[in-house]
S.K.: 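Sharing a structure here in structure tokens format.
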Amino acid sequence: MAADGQDRPGGLDTAADDWLIAKARSGSIDAWEVLVHRHRDRIYRIALRMVGNPHDAEDIVQDVVLQVWTALAGFAGKSRFTTWLYRVVVNRCINHITSARQHHELDETALSTAPGADVQAVARGQLRAAIAAVLNLPPDLRAAVVLVDIEQLSYHDAAAILDIPESTLRGRLHRARRVLLEHLRAWT
Amino acid sequence: MTDRDQHHASPPERLVCGRPIDDVIEQVAAGRAHVRDAHQEGCVHCQAALAEYQQQWAPLAALAAEPVTAPPGKIDKLLQRLRSTLARPEYAIIPDPDGELRIAARVITVTAREAAAQVDGVRVALTDTGVTAGVAGGTTAIEITLAAGFGYDLHELADRVRAAVATAVRDITGLTAAEITVVIDDVLE
């Protein structure tokens, strides 16, 4: 995309999203497809870190994409599109975690997709430890960590996505980080 | 809000120097362990805690830095399926000595859209393509609707979009874009 759109924090361009949503709601398939392309990597990453399994993550993204198409008319525009979209993703992941019996064994394919990264045994072990630690968290704490500490969203944005006060988010993060450090202490 | 949120409001534990441990961990998690305030510059307790937590947090920092992109596959198939269900298929037809080459309007749409989106000053581009095919070769008429960045000369921007789209469509599909209509639908700040 052109330079002025790329310079926005986190690569997000809210004004462009709003414009695309208006087009998509008036029936433009093209607009909906561009919206999906703009956000698919991030919603996949959130799903992958939440459920820990690339196959389940891909299924969740597929469901979310379809849900966005059918529910776009119901998007009131009171919050940012990304807030609404990521909330749909997180809720779908939490439903998946709580309904399907979570198998905690680590899926190797959840590790790096970067070429060559998996040849580094130490790096692989480090990622395995981090993924196992995150998957060990209960869903509400996991969502907070995935959004803030992994996806690097602001406290304000993450709290809006989770629909909780920032103070509650901070509390969850404090607890989650203590648990994570305890889990990772054994690895280091 | 869960029950845990309400019942875990215990007072924060502190380092010997009085600095809340959760604040130090938060500093590490935010990747700011090396950004020490005046107290931390002179406090061995804070320095030791920062070093220890930074080491323990390293796997999570690596996980956050790991590049992950959505794999092609299910999502693309879903997009394709929905588009084919909702859109009427159109083809440009290019005669060939061994038969004919049919290029779906969809291919031209994506080509034109991606080319326009790369032009400096274009924030978002969409295309609704009408394709007509001449007997001696494919000819296409393309309409591009876009949102421009604020402050650009829109006439000059439209010229650059037309040039970029015509080149991309010709190079990728072999079709001649006889008419490229640029609709600047909005200007975004």
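As the structure is a prediction and not an experimental result, all values here were calculated from the model. Lettering follows sequence order; numbering is per chain, from 1.
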S.K.: Report the option among A:Leu173, A:Asp59, A:Ile150, A:Asp41 that has the most heavy-atom pairs separated by less than 4.5 Å from atoms of chain B.
M.R.: A:Asp41
S.K.: Heavy-atom distance under 4.5 Å to chain B: side chain of A:Glu151, backbone, both or neither?
M.R.: neither
S.K.: Taking A:Val65's backbone N and O only, do any of them form a donor-acceptor pair with A:Arg40's side chain (distance below 3.5 Å, no angle check)?
M.R.: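 No, A:Arg40 side chain to A:Val65 backbone: no donor-acceptor pair under 3.5 Å.
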S.K.: Go through A:Val148, A:Val61, A:Leu180 and name the one with the most non-hydrogen pairs under 4.5 angstrom from chain B.
M.R.: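 Answer, by heavy-atom pair count under 4.5 Å with chain B: A:Leu180.
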S.K.: Between A:Arg49 and B:Glu66, is there a side-chain heavy-atom distance shorter than 4.5 Å?
M.R.: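 Of all side-chain heavy-atom pairs linking A:Arg49 with B:Glu66, at least one is under 4.5 Å.
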S.K.: Are the side chains of A:Leu35 and A:Val68 in contact, using a 4.5 Å heavy-atom criterion?
M.R.: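 Not touching, per the 4.5 Å side-chain cut-off.
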S.K.: Taking B:Arg113 first and then A:Asp30, would you say they form a salt bridge - that is, a charged N and a carboxylate O separated by under 4.0 Å?
M.R.: yes
S.K.: For chain B, which candidate among A:Lys23, A:Arg170, A:His37 shows the most heavy-atom pairs at distances under 4.5 Å?
M.R.: A:Lys23
S.K.: Identify the heavy atoms of A:Glu58 and A:Tyr44 that sit nearest to each other, and give their distance.
M.R.: N-CE1, 4.0 Å
S.K.: Report yes if some heavy atom in the side chain of B:Leu146 is under 4.5 Å from a heavy atom in the side chain of B:Val124; otherwise report no.
M.R.: no
S.K.: Is it the side chain or the backbone of A:Leu162 that comes within 4.5 Å of chain B heavy atoms, both, or neither?
M.R.: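 Neither part, no heavy atoms under 4.5 Å.
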S.K.: So for A:Leu181, is it side chain, backbone, both, or neither that comes closer than 4.5 Å to the heavy atoms of chain B?
M.R.: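 Both backbone and side chain of A:Leu181 come within 4.5 Å of chain B.
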S.K.: Quick one: of B:Ala64, B:Ala62, B:Ala70, who has the most non-hydrogen atom pairs under 4.5 Å with chain A?
M.R.: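 Greatest number of close heavy-atom pairs with chain A: B:Ala70.
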S.K.: Under 4.5 Å from any heavy atom of chain A, what part of B:Glu114 do you find: side chain, backbone, both or neither?
M.R.: neither
S.K.: Side chain, backbone, both or neither: which part of A:Val134 has an atom under 4.5 Å from a heavy atom of chain B?
M.R.: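 Answer is side chain: those atoms of A:Val134 sit under 4.5 Å from chain B.
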S.K.: Any ion pair linking A:Asp63 and A:Arg92 (charged N to carboxylate O, less than 4.0 Å)?
M.R.: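 Salt bridge flag = yes for A:Asp63 with A:Arg92.
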